[in-house]
Every structure is written in C-alpha cells, then in structure tokens.
Peer 1: 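Before we start, here is the structure in question, set down as structure tokens.
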Amino acid sequence: MPILFQYIGDQFSEYGSLGTATAGFGFKIKEGTSAKMGTVVLTAGTMVVPNTSVTATSRIFLTAQAPGGTPGALYVSARAAGTSFTIKSTSASDTSTVAYLIVDPS
C-alpha cells in the first residue's frame, strides 16, 4: 500500500505529490559532474554538456542566467543517452551562461 501522507521537517508528501508547507522553502538539487542540474557557458552559441544521467527521453529545461555576446533562443539540439547533450543558441555569437535542469518522465 502506498504512503498517502508523510511529513518530515518542512517537506511533505501527500498522495504522491511533493511539496513544502512554508513560504521561502523549496527544492534543492545537488550540482556537480553528471548531476541533474547545472550551468555552462556557451562558446560561439553552443556547448556539449557531458552528463551520464541524461536519457533518450529526458526533458531538459534551459534558461539564460547571464547574457553574453549576442543572446539568442536556447534549445537542446542533440542528446546521447548516458553521455551528453548539446545546447545551442539561434545566435552564433551567444556566450551566455545557461542553467539546465534534467527531468525524466516516469
């Protein structure tokens, strides 16, 4: 039988959802080699991100953190499951710092 409600400190799980009961609290995700979250700096509008945690079905969310060069629209142009993914910009002179978050569907 699944756990319907669990409360530990400020985080709780209710009916399969995960949340926080206090404003200002939230989720923390460890960054580092092959982590599900991190930042990279584009070179000439592209960056291959080595990451063994990426899968063929991973959803990779991107957002510019600090614009550089001539910023463009960001997108994932390729992925190699268990190896890497490639971030591209529509601007070949984009040198922005980009944050990524990898989420896998169940």
Side-chain angles (χ1 to χ4, degrees):
M1 181 169 199
I3 296 173
L4 299 179
F5 182 80
Q6 181 178 8
Y7 184 83
I8 302 171
D10 189 66
Q11 282 74 43
F12 65 91
S13 175
E14 180 180 7
Y15 304 105
S17 296
L18 181 63
T20 182
T22 304
F25 283 60
F27 301 104
K28 292 184 178 184
I29 300 173
K30 180 77 175 161
E31 293 183 332
T33 304
S34 291
K36 294 286 189 176
M37 187 170 75
T39 61
V40 296
V41 177
L42 300 179
T43 301
T46 190
M47 178 56 65
V48 176
V49 183
N51 194 306
T52 58
S53 73
V54 72
T55 70
T57 58
S58 292
R59 308 305 193 249
I60 304 171
F61 299 89
L62 307 172
T63 186
Q65 298 296 290
T70 304
L74 303 169
Y75 63 100
V76 175
S77 66
R79 74 186 77 215
T83 305
S84 65
F85 62 95
T86 303
I87 299 172
K88 286 200 148 239
S89 170
T90 56
S91 169
S93 59
D94 194 338
T95 57
S96 298
T97 299
V98 177
Y100 63 86
L101 173 66
I102 303 170
V103 180
D104 293 298
S106 62

Peer 1: If I take atom CG from residue Leu74 and atom OG1 from residue Thr63, how far apart are they, to the nearest 0.5 angstrom?
Peer 2: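 Leu74 atom CG to Thr63 atom OG1 measures 7.5 Å (nearest 0.5 Å).
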Peer 1: Kindly work out whether a path of hydrophobic side-chain contacts (I/L/V/M/F/W/Y, heavy atoms less than 4.5 Å apart) joins Val48 to Ile60.
Peer 2: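 Each belongs to a different hydrophobic cluster.
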Peer 1: Going from CE on Met47 to CG on Asp94, what distance comes out if it is rounded to the nearest 0.5 angstrom?
Peer 2: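 So the gap between those two atoms works out to 11.0 Å.
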Peer 1: Taking Ser91's backbone N and O only, do any of them form a donor-acceptor pair with Ser89's side chain (distance below 3.5 Å, no angle check)?
Peer 2: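 Confirmed, Ser89 side chain pairs with Ser91 backbone.
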Peer 1: Please check if the side chain of Ser96 supplies one atom and the backbone of Gly68 the other of a donor-acceptor pair under 3.5 Å.
Peer 2: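 Yes, because the side chain of Ser96 sits within donor-acceptor range (under 3.5 Å) of the backbone of Gly68.
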Peer 1: For residues 76-84, which side-chain N or O atoms pair as donor and acceptor with protein atoms under 3.5 Å away, sequence neighbours left out?
Peer 2:
residue : atom : partner : partner atom : Å
Arg79   : NH1  : Ser58   : O            : 2.4

Peer 1: Could you tell me whether a side-chain N or O of Thr70 sits under 3.5 Å from a main-chain N or O of Ser93, the two making a donor and an acceptor?
Peer 2: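 Judged by distance alone, no pair lies under 3.5 Å.
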Peer 1: With sequence neighbours left out, write down each residue that passes side-chain contact (heavy atoms from CB on, under 4.5 Å) with Thr57, or none if nothing qualifies.
Peer 2: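 By the side-chain contact (heavy atoms from CB on, under 4.5 Å) rule, Thr57 matches Thr55, Arg59, Pro105.
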Peer 1: Hey, any chance Phe61 and Ile29 share a hydrophobic cluster, counting ILVMFWY side chains that come within less than 4.5 Å of each other, even indirectly?
Peer 2: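 Phe61 clusters together with Ile29.
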Peer 1: If Ile, Leu, Val, Met, Phe, Trp and Tyr residues are connected whenever their side-chain heavy atoms lie under 4.5 Å apart, and connections chain through other members, are Tyr75 and Tyr100 in the same group?
Peer 2: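 No, Tyr75 and Tyr100 fall in different hydrophobic clusters.
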Peer 1: Thr95 and Val41: which non-hydrogen atoms are nearest, and at how many Å?
Peer 2: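 What the structure gives for the nearest pair is O-CG1, 3.7 Å.
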Peer 1: If we ignore hydrogens and angles and just use 3.5 Å, is the side chain of Lys36 paired with the main-chain N or O of Ser53 as donor and acceptor?
Peer 2: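 Between the backbone of Ser53 and the side chain of Lys36 there is a qualifying donor-acceptor contact (under 3.5 Å).
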Peer 1: Of the non-hydrogen atoms in Met37 and Glu31, which two are nearest, and what is the gap between them?
Peer 2: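 Nearest pair, atom of Met37 first, then Glu31: O-CG, 3.2 Å.
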Peer 1: Any chance you could measure Thr46, atom OG1, to Lys88, atom NZ, to the nearest 0.5 Å?
Peer 2: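 Reported to 0.5 Å precision, the distance equals 4.5 Å.
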